[in-house]
Amino acid sequence: LIEEGPYLVGQFDNDEFTAQARMYRDGGYVLTENQTASIVQGRTLGGSTTVNWQTSLYPPEYVTGEWRDRFGLEGYALGEEMGSYVDEVHERLGVAEVPDRLINENNQVLMRGGKKLGLNPEVLKNNNAGRCVGLGRCGLGCPISAKQTTYMTWLPDAQNAGATIVTNMRAEEISDDGAIKRVTARFAADAYAQHPADIIEKMEIDAPVVIVSAGALEGPALLQRSGIGNDWVGRNLKLHPTSTIFAKFDSDVDMWNGPPQSAVIKAGHNQDNTGYGFWLEVAPFRPTLTASLMPFYGAQQFEQLRDYRRLSAGIVLVRDGADGETQNSVRWSWGKRKVEFEFTPTDGRNMLRGLKMLAEVQAAAGARELIFPFGDMDGPVKVNPQTNFDWVLKKDFSPGRIGVGSAHPHGSIQAAADASRGAIDPNFEVYGHRNIFVMDASWSPTGLSVNPQITTMSSALRASRRLASQKKERVPG
């Protein structure tokens, strides 16, 4: 197993600047080509599970039903084959609801405002086996190993079974010349670490089976520069696009403190029974991310950051793909991975609907001012529980007009029952390339609608078990 990022277990600290530089791809800000969205993705041993916010969910049946009806992918509903794999992942990760004593003020804003408006907020599940003490450092790596990441679970399993793990090694190319494949990888330096004088600068790994788990951004780029896969590779990227409203309160919120996400409002999740829509969560943005998401600059930005402790960050997450194929993609061009993003009409309208509901929730919870993500606004908006937010529905969501982020890129190497609808088959094998598989969040042919951790692990567990059962016929000798 080769991993581009560094091995930092036991070195996690509270320095957000260094953590972002060392543990996140592109220093924590993967920008789309036209700078319409900023994507956050882990790049360290354990991947994004090392730095995620623990939210543990699985898609509702109208999502898994769409996979079956449109793409021929069977058995994904919880009452079908996938249910046992989801249960196994939950057990292994110690998934359980966040206890009341750990629901912080940032999440209480969503709970309090949602209840006042009759939106039925729910308590989320986290993956820490009951060991979380609320340090609020999930995004920097858990220093007490409470969060049950892949480096705490599945990777030790692989090592115990004889696997070799090499960090700081970037996969450059896969050569598919027959029964034995070759993966060429090169050393990827950690600019914040002193490396030994002798390093492995290049590796050539020959193997009968190759599994790509490089994520929805780097996976397509790797396959494309290797000349592997059909034209679905890199198409229909889903981002679960997110936009933020900062709510300012009279008292301290300290949104970074405690478990990051423990509340959700799903009332907008299924607009007009289409299976597409939005839901509301909060985010534990630390000062650097808060500054980057502020739609202001210079003195005005600094003035708002003075009130950082009184800010709550509410977020809208849209299930993208309501109009069919998204307008998002990943392509390898001129030696560079390029990511494109633009809202389709329905996805954009769903984002505005979500922002309107979020503003209503924050105002009902007692916010005094709201900072919207629209680039044409001069400053915060003073609000009270009676404020009308219908104007939000008329805002422009075209590229560059609204701040958009993503922590959930997925679905850029989508699975389907035939090659006319996807890049990999239902067993996650690349069409036209025997024994090359993709097992990560890239396989989903539609937007997941939920945070992707549980779906990614459960689907990879099922696919890997199927592959293991075929070892005799796939591995020579």
Side-chain angles (χ1 to χ4, degrees), residues 1-3 47 49 58-59 64 67-68 71-93 95 148 150-165 171 174 176-183 205-215 219 222-223 228-230 232 410-411 413-419 421-445 448 452-477:
L1 185 151
I2 55 174
E3 160 62 49
T49 72
Y58 190 77
T64 59
W67 297 343
R68 178 192 62 238
F71 301 96
L73 299 178
E74 303 280 352
Y76 278 91
L78 289 176
E80 299 174 334
E81 180 188 3
M82 184 56 71
S84 63
Y85 292 99
V86 173
D87 289 343
E88 184 175 346
V89 169
H90 279 186
E91 179 69 23
R92 188 67 192 279
L93 301 188
V95 172
Q148 299 300 287
T150 54
Y151 71 74
M152 293 278 293
T153 53
W154 313 112
L155 292 182
D157 288 353
Q159 281 188 305
N160 292 336
T164 299
I165 298 175
I174 304 169
D176 183 13
D177 296 326
I180 301 298
K181 326 295 180 185
R182 171 166 289 181
V183 177
I205 306 165
D206 293 339
V209 176
V210 173
I211 299 173
V212 176
S213 299
L222 172 60
L223 294 183
I228 291 173
N230 60 25
W232 278 107
H410 61 283
I413 313 175
Q414 69 185 43
D418 57 75
R421 292 179 286 176
I424 57 179
D425 70 16
N427 293 321
F428 296 175
E429 189 169 18
V430 178
Y431 279 114
H433 296 271
R434 179 173 170 78
N435 283 352
I436 297 180
F437 294 81
V438 177
M439 297 185 192
D440 57 22
S442 303
W443 70 268
S444 177
L448 287 173
Q453 170 174 238
I454 299 300
T455 311
T456 303
M457 291 187 186
S458 303
S459 59
L461 184 61
R462 182 171 79 158
S464 61
R465 292 261 174 85
R466 286 180 176 178
L467 176 58
S469 72
Q470 301 168 2
K471 181 177 179 180
K472 289 184 179 179
E473 62 190 81
R474 290 186 177 274
V475 179

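For the numbers below, each heavy atom of this structure counts, side chains included, while hydrogens, waters and symmetry mates do not. Throughout, residue positions are numbered sequentially from 1 according to the sequence presented.
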Q. Got a donor-acceptor contact below 3.5 angstrom from the N230 side chain to the G422 backbone?
A. yes
ask   = Between Y85 and S459, is there a donor-acceptor pair closer than 3.5 Å when you use the side chain of the first and the backbone of the second?
value = no
Do [X] and [Y] come close enough that some side-chain heavy atom pair is under 4.5 Å?
| X | Y | result |
| --- | --- | --- |
| S458 | M82 | yes |
| F437 | S464 | no |
| M439 | L467 | yes |
| H90 | Y58 | no |
| I228 | V212 | no |
| T153 | M457 | no |
| P445 | L73 | yes |
| W154 | V89 | yes |

Exercise for the section: For the pair E80 and R462, find out whether any cationic side-chain nitrogen is under 4.0 Å from an anionic carboxylate oxygen. Expected result: no
| Would L93 and I454 count as a side-chain contact (heavy atoms from CB on, under 4.5 Å) if you check the C-alpha gap in whole Å, the side-chain angles of each, and the deciding distance to 0.1 Å? | CA-CA 9 Å; L93 301 188; I454 299 300; 4.0 Å; yes
Heavy-atom closest pair, residues [X] and [Y]:
| X | Y | result |
| --- | --- | --- |
| A423 | I413 | CB-CG2, 3.7 Å |
| P59 | L448 | CB-O, 3.6 Å |
| Y431 | A417 | OH-C, 3.1 Å |
| I2 | A171 | CD1-CB, 3.8 Å |
| R421 | W232 | C-NE1, 3.5 Å |

- Item | Contacts of R474 that satisfy side chain to side chain donor-acceptor pair (under 3.5 Å) - sequence neighbours left out |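 In terms of side chain to side chain donor-acceptor pair (under 3.5 Å), with neighbours along the sequence ignored, R474 is linked to E429, N435, Q470.
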*Apply side-chain contact (heavy atoms from CB on, under 4.5 Å) to the pair L155 and E3, showing each step before the final yes or no.*
CA-CA 12 Å; L155 292 182; E3 160 62 49; over 6 Å; no
Does R465 form a side-chain contact (heavy atoms from CB on, under 4.5 Å) with L461? I'd like the steps, not just the answer. CA-CA 6 Å; R465 292 261 174 85; L461 184 61; 3.6 Å; yes
Next item on the list: Kindly indicate, with the supporting measurements, whether the criterion salt bridge (Lys or Arg N to Asp or Glu O under 4.0 Å) is fulfilled by E81 and R466.
Entry: CA-CA 12 Å; E81 180 188 3; R466 286 180 176 178; 3.1 Å; yes
Next on the checklist: If you count every heavy atom of other residues, nucleotides or ligands that lies below 6.0 Å from E473 atom CD, does the total exceed 12?
Outcome noted: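 Counting other residues, nucleotides and ligands, CD of E473 exceeds 12 neighbours.
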Look at the rings of W67 and Y76 and say which category their plane angle falls in: under 30° parallel, 30 to 60° tilted, over 60° perpendicular.
perpendicular
